[in-house]
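Numbered from 1 within each chain, the chains take letters A, B, ... in sequence-line order.
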2 protein chains.
Amino acid sequence: MADGKAGGTQSGEALLFLTDEQLRKGIEAMFFAYRGFTADPDRILEKYGYGRAHHRAVHFIARAPGTNVNNLLAILGVTKQSLNRVLRTLIEDGLVESRVGVQDKRERHLYLTETGQSLEAELSEAQRARMRVAYRDAGHEAVAGFRRVLEAMMDPDQAAYFNAMSKTGSKKEE
Amino acid sequence: MADGKAGGTQSGEALLFLTDEQLRKGIEAMFFAYRGFTADPDRILEKYGYGRAHHRAVHFIARAPGTNVNNLLAILGVTKQSLNRVLRTLIEDGLVESRVGVQDKRERHLYLTETGQSLEAELSEAQRARMRVAYRDAGHEAVAGFRRVLEAMMDPDQAAYFNAMSKTGSKKEE
DNA sequence: CTTGGAATGTCAACAACGCTGACTTAAAGT
DNA sequence: ACTTTAAGTCAGCGTTGTTGACATTCCAAG
């Protein structure tokens with residue numbers, strides 16, 4: 001049970017000796033970093049009268065164009081009503097297009113319009129810029145470690161979505 | 001300008017060659033990891049009818065007992081009214097004690113009661129447990145990298161608070 | 001001593017974004 | 001035909017953030 005992917009945690013060596021104080025610092029680092037992480041998009045969204053929920057929807061639609069509502073629901077982990085409220089405003093404002101499915105006409109496939117893509121690009125670029133700077137400041141190996149810890153921190157099902165999205169454009173059915 | 005603390009980014013070598021796709025993965029990793037990070041405390045808080053705001057207040061009061069409201073405001077980055085609502089319920093429920101300042105009687109110094117400490121311990125232990133597992137799975141060097149990237153991702157003023165809190169029990173005045 | 005301003009607290013109103021529950025419509029599966 | 005599924009909608013509620021206005025208390029400067 002203790003022999004996960006960290007193959008080398010033999011007790012002879014350093015053994016990842018972790019004080020509560022070190023763990024607490026990690027917790028606080030997550031708190032402060034997440035605030036930085038969302039600060040730039042939040043500023044941009046405010047200009048357009050949107051919130052973080054809109055950002056998330058736009059992000060994952062950009063990531064998987066043509067995805068349906070149920071799929072988005074599962075990724076975002078919110079209720080249908082919550083997502084719908086956000087999605088409706090995005091569609092009304094002409095940022096998202098909802099196309100009825102061809103094979104299954106119950107499904108709505110979601111796409112970003114030109115306007116939607118441009119907002120997504122603005123948000124994404126701001127966030128990537130911060131990430132780029134952080135990565136550069138921290139160095140190459142730090143980035144690998146960063147990603148490894150974050151993945152280990154996810155819930156297993158969330159990690160599954162995360163890894164599934166690695167194959168960027170793998171639209172299994174089309 | 002490009003020569004920050006990452007002294008070794010000479011273009012000859014790897015140069016931290018970062019595609020937008022890699023950065024995007026980092027962004028999504030932050031999103032999913034933060035959800036995991038808050039999942040356990042959220043479940044506990046629900047039992048008591050509290051939310052994340054209560055958790056944050058309790059955490060930082062535990063971290064710096066005797067802190068005043070203005071200080072907490074600055075760390076949490078919310079308005080006085082927002083914090084006050086949370087603080088009031090915590091005081092009413094007997095989790096937090098508010099003592100009038102001795103030198104400056106306008107100030108209220110905040111402390112956790114026994115009950116408050118026990119909730120804090122429950123929340124903190126859940127969160128530390130996840131962090132501990134993530135750290136162990138990711139390995140020793142990954143942890144250092146994780147922390148380095150998170151620090152670089154913070155806003156400078158938030159990073160200042162973060163680093164100031166490293167000296168755990170530095171109660172300058174008492 | 002009076003007055004200005006800082007620290008705190010309170011009230012009201014509002015917005016974003018979660019939630020539950022109930023219900024409809026349409027299409028698909030059986 | 002009947003059931004299930006996907007999606008959308010309406011109503012209502014809770015947490016947590018925001019402004020704005022205002023009272024109180026107290027320190028400190030004039």
(request) Give the rounded distance in Å between these two atoms: CG of A:Asp42 and C1' of C:dA16. (result) 11 Å
(request) May I ask you to decide if the ring planes of B:Tyr50 and B:Tyr48 are parallel, tilted or perpendicular, using 30° and 60° as cut-offs? (result) parallel
(request) Describe the nucleic acid contact of A:His54 in one word from base, sugar-phosphate, nothing, applying a heavy-atom distance below 4.0 Å. (result) sugar-phosphate
(message) Please report the distance, rounded to the nearest Å, between CD in A:Glu46 and P in D:dG17.
(response) 15 Å
(request) Would you give the length of the straight line joining atom CG of B:Leu112 to atom CD of B:Gln117, rounded to the nearest 0.5 angstrom? (result) 6.0 Å
(request) Let me know the distance between NE2 of B:His109 and P of C:dA7, rounded to the nearest Å. (result) 13 Å
(request) Would you indicate, yes or no, if C:dA7 has its OP1 or OP2 atom less than 4.0 angstrom from a side-chain nitrogen or oxygen of B:Arg108? (result) no
(request) Look at the side chain of A:Arg106 against the base of D:dT5 and say whether a donor-acceptor pair falls under 3.5 Å; ignore hydrogens and angles. (result) yes
(request) Please state whether the rings of A:Tyr135 and A:Phe146 are parallel, tilted or perpendicular, taking 30° and 60° as the class boundaries. (result) perpendicular
(message) Output the rounded distance in Å from CD (A:Gln103) to C1' (C:dA28).
(response) 13 Å
(request) Within residues 71-89 of chain A, find the residues that approach DNA chain D with a heavy atom at under 4.0 Å, and present them sorted by residue number. (result) A:Lys80, A:Gln81, A:Asn84, A:Arg88
(request) For A:Tyr48 and C:dA15, give me the distance from atom OH to atom P, rounded to whole Å. (result) 22 Å
(message) Whether the side chain of A:Arg24 engages the backbone of B:Ser124 through a donor-acceptor N/O pair (distance < 3.5 Å, no angle test) should be reported.
(response) no
(message) Could you check whether A:Lys105 pairs with A:Glu107 (Lys NZ or Arg NE/NH1/NH2 to Asp/Glu carboxylate O, under 4.0 Å)?
(response) no
(message) Measuring to OP1 and OP2 of D:dG17, would you say a side-chain N or O of B:Arg56 lies under 4.0 angstrom away?
(response) yes
(request) Report the residue (A:Lys105 or A:Tyr50) whose heavy-atom-nearest nucleotide on DNA chain C is the more 5′ of the two. (result) A:Tyr50
(message) Distance check, rounded to the nearest 0.5 Å: B:Thr89 atom OG1 versus B:His54 atom NE2?
(response) 3.0 Å
(request) Quickly work out the B:Arg35 CZ to C:dG18 C1' distance and round it to whole Å. (result) 12 Å
(request) Identify, between B:Ser98 and A:Arg52, the residue whose nearest nucleotide on DNA chain C lies closer to the 5' end. (result) B:Ser98
(request) Please state how far atom CG in B:Leu110 lies from atom P in C:dT8, giving the value in whole angstrom units. (result) 9 Å
(message) Tell me if the centroids of the rings in A:Phe31 and B:Tyr161 come within less than 6.0 Å of each other.
(response) no
(message) Rounded to whole Å, please give me the gap between CG in B:Asn70 and P in C:dG5.
(response) 18 Å
